[in-house]
Amino acid sequence: MADETPKTNGHKVNGHKLPGLSPLFGATGGKATGAESLPFDFEATQRALTPVHAEIPRDAFTAGMLGTTRAGGGMVIGSGNLILTIGYLIVEAESVAVTDSKGRPVEAEVIAYDFESGFGLVRAATSLGRPLLNFGTARDLTVGSTVVASCGGAETVVQRLVDKRGFTGYWEYRLDEAIYTVPAHPNWGGSALIGMDGLLYGVGSLYVEDAQPGEEKSVGNMFVPIDLLEPVLDDLLVHGRRSTPARPWVGVYAAERMGHLVLMGVAARGPAATAGLDQGDIILRVGATAIGSLDEFYTALWNFGEAGCTLPLTLMRDGRVFETSVQTADRDSFLKIPRWNR
């Protein structure tokens, strides 16, 4: 079912505000609860943050999954009003707005999108009058660390880091290490994760229900570590994306069920949909490699070749095992990003 929008393991792939979280976690009007006891000037740090609002065309590839109106946060990280945010907020945007230091809306241009890390960059058209937010390194954060999550608007939450571990998403996305925090920020997408030294340690990506391992339900956030930006920043500024060969992309949304990898849906117009894969199919093998988990699937897929390679699959559908193949693609080629087409 090409239009399926799966949600698995409590993860949400959009950055929109989740109803009910704000009053539950006591977000306050521009100040973090307990901000008076923080060992850095929180209000000065927060001036580097800005809300981000994006409008996406209805025919955009990501519109069905992520919506056509997206809102979250961003942070000024470089000269020329360069703003870092989480990429799904601004990918394929036809218009982006941020705010200057006086709260006035300012038009911004999409500069880059990096699917592998999840980061996005925009540049404001005029001066924002905001300071730069300097980087820390996630290596310096440990379980139990106190951090502050803020989206540059009215919602700011003092959090506790509860885990650093890999993250595997059902949309062909994986991080070797991500940062998990509690309690959940009510508008997590693009929120800044700030350490007790006032430095930036991560960018808000997801609401999760498994933040603390071993607990049946632990509501929190997943942040992308800021360390992942520096290795690709030059590429993003020059090319708008990585200059390395693109990974092969299939266009499936998969979940682990009882030791099997089951398709919860396929991306409309994507390679899997073109090849006839459908919701409910079970991926048994990639070539000769047996598959039972998302990690195994991504490892086999990304090691098979570059984008465009033909991927042999063994599937099970309604109890029948059969072989097929998918002509993989560069996911970026499906996206409406004007800078890539100049």
Side-chain angles (χ1 to χ4, degrees), residues 13 15 48-49 52 72-91 108-123 132-142 145 147 149 161 163-169 171-181 188-195 197-206 221-249 294-295 298-299 301-307 330-333 335 337 339-340:
V13 72
L49 311 182
V52 175
M75 57 240 47
V76 179
I77 64 162
S79 60
N81 302 297
L82 183 67
I83 296 165
L84 172 66
T85 185
I86 199 68
Y88 60 71
L89 289 181
I90 52 89
V91 64
E109 177 188 12
V110 175
I111 294 297
Y113 172 62
D114 180 43
F115 181 71
E116 289 188 28
S117 66
F119 289 133
L121 295 171
V122 300
R123 192 182 298 280
L132 306 186
L133 187 57
N134 294 318
F135 299 168
T137 172
R139 294 188 298 272
D140 293 339
L141 292 180
T142 60
S145 294
V147 290
L161 191 152
D163 202 13
K164 293 167 71 177
R165 67 178 188 273
F167 175 82
T168 304
W171 57 98
E172 298 182 47
Y173 177 74
R174 182 172 67 188
L175 296 177
D176 291 337
E177 183 176 270
I179 300 169
Y180 296 82
T181 61
W188 58 87
S191 58
L193 188 70
I194 302 166
D197 50 9
L199 300 178
L200 177 67
Y201 284 86
V203 178
S205 178
L206 295 172
N221 295 127
M222 185 276 275
F223 287 81
V224 179
I226 193 60
D227 307 60
L228 298 183
L229 180 62
E230 185 178 2
V232 297
L233 182 56
D234 287 345
D235 272 356
L236 298 184
L237 293 175
V238 173
H239 307 291
R241 54 184 169 186
R242 293 175 186 241
S243 61
T244 52
R247 287 173 172 172
W249 176 73
L294 280 170
D295 272 328
Y298 295 161
T299 298
L301 170 63
W302 296 336
N303 288 340
F304 201 84
E306 297 179 6
D330 177 356
R331 182 181 181 274
D332 289 352
S333 67
L335 305 178
I337 299 185
R339 186 181 180 194
W340 294 352

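What's counted below: heavy atoms across the whole structure, side chains too, no hydrogens, waters or symmetry copies.
- One finds the CG atom of Leu233 at 12.5 Å from the CG atom of Leu228 (value rounded to the nearest 0.5 Å).
- Rounding to the nearest 0.5 Å places CG of Asp114 at 13.0 Å from NE2 of His239.
- A donor-acceptor pair is defined here as one N or O able to donate and one able to accept, closer than 3.5 Å; no such pair exists between the side chain of Thr168 and the backbone of Arg174.
- To the nearest 0.5 Å, atoms OG1 (Thr85) and CZ (Phe119) are separated by 10.0 Å.
- Aromatic ring pairs are classed by plane angle as parallel below 30°, tilted from 30° to 60° and perpendicular above 60°; the pair Trp171 and Phe167 is tilted.
- Here CZ of Phe223 is found 10.0 Å from CD1 of Ile86. Values are rounded to the nearest 0.5 Å.
- Tyr173 contributes a side-chain N or O that, together with a main-chain N or O of Ser117, makes up a donor-acceptor pair within less than 3.5 Å.
- Heavy atoms only, all atoms of each residue included: Ile179 and Ala138 are closest at CD1-CB, 4.0 Å.
- Listed for the Arg339 side chain is no donor-acceptor partner under 3.5 Å among the backbone atoms of Val110.
- Within the 4.5 Å cutoff, the side chain of Leu133 has no heavy atoms near those of the Leu84 side chain.
- Distance check, rounded to the nearest 0.5 Å: CG of Asn303 to CZ of Arg247 gives 9.5 Å.
- In terms of modelled atom types and a separation under 3.5 Å, the side chain of Asp163 and the main chain of Tyr180 share no donor-acceptor contact.
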Check: Can you check side-chain contact (heavy atoms from CB on, under 4.5 Å) on Arg123 and Leu121, steps first, answer last?
Finding: CA-CA 7 Å; Arg123 192 182 298 280; Leu121 295 171; over 6 Å; no
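- At a threshold of 4.5 Å between non-hydrogen side-chain atoms, the residues Ile90 and Val52 count as touching.
- Nearest approach of Leu49 to Ala192, heavy atoms of both residues: CD2-CB, 3.8 Å.
- Partner Asn134 forms a side chain to side chain contact (heavy atoms under 4.5 Å, CB included) with one of Asp197, Leu200, Ile77, Leu199 and no other, that one being Leu199.
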Next item on the list: Starting from the C-alpha separation in whole Å, work towards a yes-or-no answer on side-chain contact (heavy atoms from CB on, under 4.5 Å) for Val203 and Met75.
Entry: CA-CA 9 Å; Val203 178; Met75 57 240 47; 4.1 Å; yes
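- Between the side chain of Tyr113 and the backbone N or O of Arg241, no donor-acceptor pair lies under 3.5 Å.
- Closest heavy-atom contact between Glu172 and Pro248: OE1-O, 4.3 Å.
- The two atoms that bring Phe115 and Arg331 nearest to each other are CD1-NH1, 3.3 Å, heavy atoms only.
- Between Leu229 and Phe135 there is a side-chain heavy-atom pair separated by less than 4.5 Å.
- Side chains of Asp330 and Ser333: no donor on one and acceptor on the other come within 3.5 Å.
- When all heavy atoms of Ser205 and Val224 are compared, the pair lying nearest together is CB-CG2, 4.0 Å.
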Margin query: For a side-chain contact (heavy atoms from CB on, under 4.5 Å) check, start with the C-alpha distance between Ile111 and Leu236, then their side-chain angles and the critical distance, and finish with the verdict.
Written below: CA-CA 8 Å; Ile111 294 297; Leu236 298 184; over 6 Å; no
Next item on the list: Verify side-chain contact (heavy atoms from CB on, under 4.5 Å) between Leu193 and Asn221, making sure each step is shown before the conclusion.
Entry: CA-CA 10 Å; Leu193 188 70; Asn221 295 127; over 6 Å; no
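- In this structure, Val147 and Leu161 approach most closely via the heavy-atom pair CG2-N, 4.5 Å.
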